[in-house]
There are 2 protein chains.
Amino acid sequence: MSLNQTAYAILGVLSFHPRQTGYHIRKTVESSVRYFWSESYGQIYPTLKRLAGDGLIEPCGPAGKKGAQEYSITQAGRAALEAWLALPYREDPQRNEFLLKIFFGIQAAPEVAINHLMNFQQRTRQLFGTFTELEKLAIQHNSQEPGFPYWHLTLDFGLTQLRASLEWSERALERLNQLQPQPASK
Amino acid sequence: MSLNQTAYAILGVLSFHPRQTGYHIRKTVESSVRYFWSESYGQIYPTLKRLAGDGLIEPCGPAGKKGAQEYSITQAGRAALEAWLALPYREDPQRNEFLLKIFFGIQAAPEVAINHLMNFQQRTRQLFGTFTELEKLAIQHNSQEPGFPYWHLTLDFGLTQLRASLEWSERALERLNQLQPQPASK
DNA sequence: ACACACATGTAATTGGTTACATGATTTC
DNA sequence: GAAATCATGTAACCAATTACATGTGTGT
């Protein structure tokens, strides 16, 4: 045993949607959890074989036996997913290159950190727009599904962090600009 | 050429503190950027050799030639660091197992997600206390150093995100508890 | 004498991405 | 018939952690 995170991500996806191909699983990840999770084909296909070998998912041929291989989660698979869900979550050590560059900011010209911050701010704003839109769409189309409150929580987490990032970036830019007083024009 | 992130983290540390051993560099990382960056000895020692070979740092024996090997950054090293700082920061794809477990929350008993959230909240509170203390200490002891405004920014980022996390976790717990209405006692 | 911090290094393993290779099916 | 999308898989590579191995110096 001892499955990796990809395995549980796959089980999670299959717990909502039966009969998915490896290709489709990736699409699902991309269109649901992509802002805090990602999977590559290089991980998905080997892991599908592995999961099938362990009996946690089962291949179910697509009607005519030809074409794409679809998988569904088994009872054992659901049990494994549940057991994993109850385990303490792992905090993977985060490496934030953006913050590292800010931290070492004094070693470069002042514009360098200011530029990074402006990029960060712009990206944050853009993401905020995207998330707001996603939330609206999710409420319109998925709010009746049983999993919705949980999905919504993760979206709300993103929105809350983005708001905080925006607030911080404004303060940060002010401070950096004060460090570097503009020559009074005229 | 083409150095990895560890190399730049090392150059950054040496740009502030000359004459550090590999061991000491790790301590410095642990006591400064540890909340958004980490390095292991398994990365540091090979990278030091590499950097020395490239002439970006130079070994400088500790007085008596015996004992630990210390390194200092060279002019070329400073140039490399500056060039890297000016490059767009890389967004490493983040994987957040906590959020993934929340997202799949409906697949487990309601207490499972609630437990994760309570852990998250407690950890966030604890970190908030730590950061507040760190900020106080930094203002007391380092506020005159030229790099301080930049360090302070990263600390402020942490505090801002933690405040947002706390706010979110309270809202999230409320919602989850509503989903699971307590049986009225008596 | 013991424990702890200082100090260095390597090998094994993990966990992942990217690029490559291939081909079927659908849509314009 | 061309292009896009669906679909699967592997090999090469990368960056990093962990465990292991070893030893010195300092303080109690």
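Reminder, nothing fancy here: chain letters follow the sequence lines and each chain counts from 1. Quick caveat, the model's predicted, so the values are computed rather than measured.
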Interatomic distance, [X] [atom1] vs [N] [atom2] [rounded to whole Å]:
X	N	atom1	atom2	result
B/Arg90	C/dT17	CZ	P	12 Å
B/Glu39	C/dA7	CD	C1'	17 Å
B/Arg50	C/dG9	CZ	P	17 Å
B/Leu48	C/dT8	CG	P	8 Å
B/Ile25	C/dA5	CD1	P	21 Å
B/Asn4	D/dC13	CG	P	17 Å
B/Arg26	C/dG9	CZ	C1'	14 Å
A/Ile44	C/dT18	CD1	C1'	14 Å

| field | B/Tyr35/B/Phe131 under ring pair (Phe, Tyr, Trp, His ring centres under 6.0 Å): CA gap, chis, key distance, verdict | value | CA-CA 10 Å; B/Tyr35 293 103; B/Phe131 276 43; 4.7 Å; yes

| message | Under 3.5 Å, is there a donor on one side chain and an acceptor on the other for B/Thr6 and B/Glu39? | response | yes

So which nucleotide from [options] ends up closest to the side chain of [X]?
X	options	value
B/Ala68	D/dT10, D/dT8, C/dT8	C/dT8
B/Thr21	C/dG15, C/dA7, D/dT8	C/dA7
B/Gln69	D/dA7, C/dT17, C/dT8	C/dT8
A/Tyr23	D/dC6, C/dA7, D/dG9	D/dC6

| request: Examine A/Leu159 and A/Phe36 and state if one hydrophobic cluster contains both, with Ile, Leu, Val, Met, Phe, Trp and Tyr joined whenever side-chain heavy atoms are less than 4.5 Å apart. | output: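 No: no chain of side-chain contacts under 4.5 Å links A/Leu159 to A/Phe36.
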
| request: Following the transitive rule for hydrophobic clusters with a side-chain heavy-atom cut-off under 4.5 Å over Ile, Leu, Val, Met, Phe, Trp and Tyr, establish whether A/Ile44 and A/Trp37 coincide in one cluster. | output: yes

So, is [X] near the phosphate of [N], with a side-chain N or O under 4.0 Å from OP1 or OP2?
X	N	result
B/Lys27	C/dA5	no
A/Ser38	C/dT17	yes
B/Tyr41	C/dT8	no

| query | So what does A/Gly42 hit on the nucleic acid, given a heavy-atom distance under 4.0 Å: a base, only sugar-phosphate, or nothing? | reply |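 Base, at least one base heavy atom under 4.0 Å.
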
| said: For a salt bridge (charged side-chain N to carboxylate O under 4.0 Å, His left out) check, start with the C-alpha distance between A/Glu167 and A/Arg163, then their side-chain angles and the critical distance, and finish with the verdict. | reply: CA-CA 6 Å; A/Glu167 177 203 317; A/Arg163 258 190 295 271; over 6 Å; no

